[in-house]
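Please read these numbers as outputs of a predicted model, since none were measured by experiment.
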Amino acid sequence: MNFSEIRKPIEKCKTVMILEACVNSAISAIEAQKGGADRVELCENMLEGGCTPSTGSIKLARQYLHIGLFVMIRPRGEDFCYSQKEFEIMKHDVRSAKEMGADGVAFGILNPNGTIDKERMAELVQLARPMGITCHRAFDMTRDPYEAMNDLISIGVDRILTSGQSNSALLGAPLIRELIRKSQDKIILMPGHGIKEHNLEEAIRKTGANEVHLYLTKNMPTVMQFIREDVKMGKPELSEYDHTIVDAERIREAKKIIMNYE
């Protein structure tokens, strides 16, 4: 494949800071919009780092959102080296997201040696256009971040979501800042993972990024009156009755921090 043919130039990073909210459901997406998020990344199965949401979730989110809607394309948890059948699933999911009106998709595929799988990533990029393209935190599992960034630039990816190959974006801030410098505005670097209201300004300052990715939630108690504590549907240490949604008030507070920083 001639990668130069699919390279899509991107605009230089704007001075206006973009807040992308990671959301675990269509309901959370609506809450993120209420709080002032500029864009959402819609996922499900957050216990495994986020997987592809259902078509119903995408459709409902698109129905109620007027902000940007990006859809996670990840057929399972664990690593990012996929079988051919899993790749076929990803292609179907990209097509579905486009048909349902998503503004973009987020995906990442690696080779066993820790490099970007350029051939299959490029195929998904072609399939997804004209939607926007984010490479998610599969990037953080690559063997060489500079090599990976250049590979993603060459196949036309618009944006990289990254913690700077660390356990939090604050710890990885020096690498993120250096990647932004070396990218020469050919790709957007968006820090994410571990950024909350209390360290948001520090993350912006230390990375120099113009977009941030936040997962700000609250616990919702069950409305069930009859509760069986003796039966578990999933991990025994987790509650079967409470659930997590994005907190509009926390998103609103983060947006204020961003606006004051600008």
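The backbone N or O of Tyr64 lies less than 3.5 Å from a partner atom in the side chain of Gln33, making a donor-acceptor pair. At least one donor-acceptor pair under 3.5 Å links the side chain of Asn113 to the backbone N or O of Thr115. Between the side chain of Asn111 and the main chain of Ile116, a donor-acceptor pair closer than 3.5 Å is present.
Rounding to the nearest 0.5 angstrom, the gap separating the CD1 atom in Ile155 from the CD1 atom in Ile133 is 9.0 Å. Atom CZ of Phe87 and atom CD of Glu119 lie 9.5 Å apart (nearest 0.5 Å). The CZ atom of Phe80 sits 11.0 Å away from atom CE of Met121, with the distance rounded to the nearest 0.5 Å. Separating the SG atom in Cys51 from the CG atom in Asn24 is a distance of 12.5 Å, to the nearest 0.5 Å. Interatomic distance, Cys43 SG to Glu48 CD, rounded to the nearest 0.5 Å: 12.5 Å. Note: Leu161 CG to Glu211 CD = 10.5 Å, rounded to the nearest 0.5 Å.
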Please report the C-alpha distance between Ser166 and Leu175 in whole Å, then the side-chain angles of each, then the deciding distance to 0.1 Å, and finally whether the side-chain contact (heavy atoms from CB on, under 4.5 Å) criterion is met. CA-CA 9 Å; Ser166 297; Leu175 175 59; over 6 Å; no
Which is it for Glu178 and Arg181 under the salt bridge (Lys or Arg N to Asp or Glu O under 4.0 Å) test, yes or no, and what are the steps along the way? CA-CA 5 Å; Glu178 181 64 9; Arg181 186 185 70 81; 2.6 Å; yes
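What you find for Ser28 and Val246 is that their closest heavy atoms are OG-N, 2.9 Å. Pro145 and Leu179 get closest at one heavy-atom pair: O-CD2, 4.0 Å. In this structure, Cys135 and Gly108 approach most closely via the heavy-atom pair SG-CA, 4.3 Å. Across Glu197 and Ile257, no two heavy atoms sit closer than the pair O-CD1, 3.4 Å. For the pair Asp242 and Pro221, the tightest heavy-atom approach, listed with the atom from each and the gap, is OD1-CA, 3.4 Å. Taking all atoms of both residues into account, the shortest heavy-atom contact from Ser163 to His193 is CB-CB, 3.9 Å.
Asn199 CG: more than 12 foreign heavy atoms inside a 6.0 Å radius. Few gaps surround OH on Tyr146; more than 12 heavy atoms of other groups in view lie less than 6.0 Å from it.
In this structure, the side chains of Leu19 and Leu214 come closer than 4.5 Å at one or more pairs of heavy atoms. With a 4.5 Å cut-off on side-chain heavy atoms, Asn150 and Lys186 do not count as touching. Residues Arg250 and Lys218 have side chains not in contact (no heavy-atom distance under 4.5 Å, counting atoms from C-beta outward). By the 4.5 Å heavy-atom criterion applied to side chains, Asp103 and Arg62 are counted as neighbours. When side chains are defined from C-beta on, Arg76 counts as touching Tyr82, because their heavy atoms get closer than 4.5 Å. Under the 4.5 Å side-chain criterion, counting only non-hydrogen atoms from C-beta, Asp79 is not in contact with Met141. Within the 4.5 Å cutoff, side-chain heavy atoms of Thr142 are placed close to those of Gln165. For the pair Ile251 and Glu31, the minimum side-chain heavy-atom distance is 4.5 Å or more.
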Name every donor-acceptor pair, under 3.5 Å, that has one atom in a side chain of residues 92-99 and the other anywhere in the protein, sequence neighbours excluded.
| unit_1 | atom_1 | unit_2 | atom_2 | d |
| --- | --- | --- | --- | --- |
| Ser96 | OG | His92 | O | 3.1 |
| Lys98 | NZ | Leu127 | O | 2.6 |
| Lys98 | NZ | Arg129 | O | 3.0 |

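Ion pairing between Asp247 and Lys34 fails under the 4.0 Å rule for side-chain N and carboxylate O. By the 4.0 Å N-to-carboxylate-O rule, Glu249 lies close enough to Arg252 to be salt-bridged with it. Salt bridge absent: Glu88 and Lys85 never bring a charged side-chain N and a carboxylate O closer than 4.0 Å.
Under the 4.5 Å side-chain heavy-atom criterion for ILVMFWY residues, no single connected hydrophobic cluster contains both Met190 and Ile73. Ile109 is not connected to Ile89 by any chain of hydrophobic side-chain contacts under 4.5 Å among Ile, Leu, Val, Met, Phe, Trp and Tyr, and they are in different clusters. Under the 4.5 Å side-chain heavy-atom criterion for grouping Ile, Leu, Val, Met, Phe, Trp and Tyr, Leu42 is connected to Met90 within one hydrophobic cluster. Cluster membership for Ile160 and Phe107, using ILVMFWY side-chain heavy atoms within less than 4.5 angstrom, is shared. In the hydrophobic cluster analysis, where Ile, Leu, Val, Met, Phe, Trp and Tyr join through side-chain heavy atoms closer than 4.5 angstrom, Leu152 is grouped together with Leu124.
Figure legend: Arg205 and Tyr261 shown without cation-pi pairing, the cationic atom not lying both under 6.0 angstrom from the six-membered ring centre and within 45 degrees of its axis.
No donor-acceptor contact under 3.5 angstrom links the side chains of Thr134 and Glu41, judged on distance only.
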